[in-house]
Amino acid sequence: MSMQEFIDHWVGDAHGGSSAGDRESSLLYLKDWHFVKEYPDYVAYTTPTFFVDDWLNMYLDSHPIHRDSDIANHKNEINCSDYRFVYMGEKGTWTPLHADVFRSYSWSANICGRKQWLFLPPSQSHRVFDRYMRSSVYNLNDDVSEKLFPEFNKTEWLECIQEQNEIIFVPSGWYHQVHNLWNLLYEDYKVAKEYIEDIRDICDDFEGLCQRNLAANTGMNFYDFFIFIVRFALANVIELYHVQQPEVATFSTETAHHFVYNLKSIRNVASKMLTTEAFTTENLRSISEDNRNAFSNVKQILEEESFRRLLVILSKVYEHIDRGQRICLKSSTSYQKSCLSVICLKSDCNVVDHIISLIGEVCVPADLVTLIDSALSDG
């Protein structure tokens with residue numbers, strides 16, 4: 001429906017004389033509205049400093065989430081989506097029990113009205129699932145079956161009321177977001193694989209089918225995720241290279257520590273992926289060349305405009321975090337000769353050659369570990 005129809009329905013409910021039961025069943029909740037994406041010229045808000053280090057939206061501002069045409073069309077809504085939403089609803093509207101997309105963190109600013117929040121610490125999250133860890137409780141206000149959810153009555157919830165002009169931060173399970181996303185993907189992969197294990201012997205591309213099912217069920221598969229972390233690794237290597245140059249000595253050491261921490265976090269995750277079946281030589285042959293080049297061809301990645309946009313965003317995020325100590329060019333679209341970074345002051349910057357000298361291709365997770373180790377030891 002149109003926004004006008006939604007508002008008319010809302011106002012009508014507020015002044016209607018229907019019974020409480022009828023009114024509750026007619027409540028509408030406007031959710032997941034991509035207002036920022038649909039109205040890019042309308043500056044709806046400025047992201048608070050504490051929340052600007054948001055890799056998921058940084059990436060999706062310049063990259064599709066899938067590159068395999070068998071999984072998704074690059075132009076469809078899911079594949080091009082960001083994760084900035086507007087929610088709007090009258091008293092009585094609610095959201096079912098859930099974890100945030102990709103188990104990332106989130107923040108929510110309340111413009112008007114009041115909102116009740118219920119939080120469950122990560123150590124108790126298993127208690128909202130059934131005994132097989134497949135289905136979770138939908139509505140906390142329902143009579144939850146003790147037989148189906150035997151641990152639910154042991155949960156201890158944290159509750160608060162969010163008032164107008166207040167912001168709520170929801171941690172990503174209290175883990176670093178990259179670690180958390182990989183854990184989610186790996187657990188969902190095991191479930192997807194288990195469902196079709198009985199057809200392995202008759203399937204020409206069993207691993208490919210597992211990855212397609214994982215992308216359909218979770219929103220991302222191992223190859224999508226690997227492209228994601230390879231590009232963030234390269235961007236952080238470039239930024240770290242530049243902050244270590246004498247010409248950029250005004251940078252605080254804290255900024256360099258951010259990039260080092262990011263790279264170590266990515267390395268930790270890549271190390272967990274070393275024995276992943278999806279990256280065997282045989283399975284890598286089955287994916288498209290475009291998909292494989294998206295994480296393996298380092299020179300091609302560095303030359304892509306989408307990667308440059310990602311790098312600009314990353315640089316500006318840490319400039320924002322470390323405001324007053326970072327050196328940043330006025331224009332986010334102009335680049336120094338042969339340079340990918342918006343903070344470089346050298347006209348003859350050789351960061352591209354530097355990256356290529358560290359590694360030419362990132363074909364498997366072990367290559368990514370090597371790249372990061374080389375970059376960290378080089379500094």
Side-chain angles (χ1 to χ4, degrees), residues 30-65 80-88 95 98-113 115 117 119 160 162-181 219-220 228-229 231-232 235-236 238-239 243 251-252 254-259 261-262 265-266 306-333 341-343:
L30 189 157
K31 298 171 58 180
D32 300 347
W33 181 19
H34 293 274
F35 182 86
V36 173
K37 182 182 175 184
E38 291 184 22
Y39 300 93
D41 296 329
Y42 184 90
V43 184
Y45 67 92
T46 300
T47 305
T49 303
F50 298 109
F51 310 137
V52 293
D53 195 5
D54 176 1
W55 288 17
L56 188 58
N57 279 314
M58 281 189 217
Y59 183 76
L60 292 173
D61 281 344
S62 54
H63 293 80
I65 201 165
C80 300
S81 181
D82 61 8
Y83 289 98
R84 301 180 185 94
F85 303 126
V86 169
Y87 281 58
M88 192 183 301
T95 299
H98 68 284
D100 287 325
V101 62
F102 294 136
R103 301 303 185 269
S104 183
Y105 68 80
S106 66
W107 58 275
S108 175
N110 201 27
I111 298 172
C112 62
K115 193 170 186 177
W117 291 78
F119 297 100
C160 70
Q162 182 185 19
E163 302 289 350
Q164 180 175 320
N165 298 326
E166 291 184 342
I167 294 178
I168 288 283
F169 178 74
V170 183
S172 59
W174 305 343
Y175 294 104
H176 186 277
Q177 62 183 28
V178 176
H179 293 258
N180 215 49
L181 176 51
M220 185 183 284
F228 173 82
I229 63 173
R231 286 163 185 254
F232 267 102
N236 277 275
I238 289 169
E239 292 302 298
V243 301
F251 271 100
S252 72
E254 187 64 29
T255 303
H257 290 161
H258 276 300
F259 300 131
Y261 174 78
N262 289 343
S265 297
I266 296 172
S306 59
F307 177 75
R308 290 173 178 261
R309 290 198 300 272
L310 175 64
L311 186 62
V312 167
I313 294 170
L314 183 74
S315 181
K316 286 190 171 294
V317 160
Y318 288 103
E319 183 272 336
H320 187 71
I321 293 173
D322 199 25
R323 188 177 299 280
Q325 297 180 343
R326 289 286 305 264
I327 298 174
C328 186
L329 296 182
K330 292 182 179 180
S331 172
S332 63
T333 57
S341 177
V342 295
I343 58 143

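The figures here come from the full heavy-atom set of this structure, side chains too, leaving out hydrogens, waters and symmetry mates. Quantities reported herein were computed from a predicted structural model and do not represent experimental measurements. Along the sequence shown, residues carry numbers from 1.
Taking Asp32 as the reference, nothing meets the salt bridge (charged side-chain N to carboxylate O under 4.0 Å, His left out) condition, with sequence neighbours excluded. For Thr47, the side-chain contact (heavy atoms from CB on, under 4.5 Å) criterion is met by Tyr45, Phe51, Val52, Trp107, not counting sequence neighbours. Residues meeting the side-chain contact (heavy atoms from CB on, under 4.5 Å) test with Thr46, sequence neighbours left out: none.
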Starting from the C-alpha separation in whole Å, work towards a yes-or-no answer on side chain to side chain contact (heavy atoms under 4.5 Å, CB included) for Ile168 and Phe119.
CA-CA 11 Å; Ile168 288 283; Phe119 297 100; 3.7 Å; yes
Should Arg231 and Leu311 be marked as a side chain to side chain contact (heavy atoms under 4.5 Å, CB included) after you check the CA-CA gap, both sets of side-chain angles, and the distance that decides it?
CA-CA 9 Å; Arg231 286 163 185 254; Leu311 186 62; over 6 Å; no
Side chain to side chain contact (heavy atoms under 4.5 Å, CB included), that's the test. Do Tyr83 and Ser106 meet it? Break it down for me.
CA-CA 9 Å; Tyr83 289 98; Ser106 66; over 6 Å; no
Assess the residue pair Tyr59 and Ile313 against the criterion (side chain to side chain contact (heavy atoms under 4.5 Å, CB included)); give the C-alpha distance rounded to whole Å, side-chain angles, the decisive distance to 0.1 Å, and a yes or no.
CA-CA 9 Å; Tyr59 183 76; Ile313 294 170; over 6 Å; no
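Within the 3.5 Å criterion, the main-chain N or O of Glu166 finds a donor-acceptor partner in the side chain of Gln162.
Atom CH2 of residue Trp117 and atom CG of residue Asn110 lie 9.0 Å apart, to the nearest 0.5 angstrom. Lys115 NZ to Thr95 OG1: the interatomic distance, rounded to the nearest 0.5 Å, is 6.0 Å. Taken from NE2 in His63 to CZ in Phe228, the straight-line distance is 10.5 Å, to the nearest 0.5 Å. Distance check: Ile238 CD1 to Leu314 CG gives 9.5 Å after rounding to the nearest 0.5 Å. Taken to the nearest 0.5 Å, the OG atom of Ser315 stands 13.5 Å off from the CZ atom of Arg308. Atoms CG and CZ, from Asn57 and Arg84 in turn, are 4.0 Å apart once rounded to the nearest 0.5 Å.
Among all heavy-atom pairs drawn from Ile111 and Asn165, the shortest one is O-OD1, 4.0 Å. Looking at every heavy atom in both residues, Leu310 comes nearest to Ser62 through CB-OG, 3.7 Å.
At least one side-chain heavy atom of Leu181 sits under 4.5 Å from a side-chain heavy atom of Met220.
Using cut-offs of 30° and 60° on the angle between ring planes, the pair Phe35 and Tyr42 is perpendicular.
Ring centers of Tyr318 and Phe259: under 6.0 Å apart, within the cut-off.
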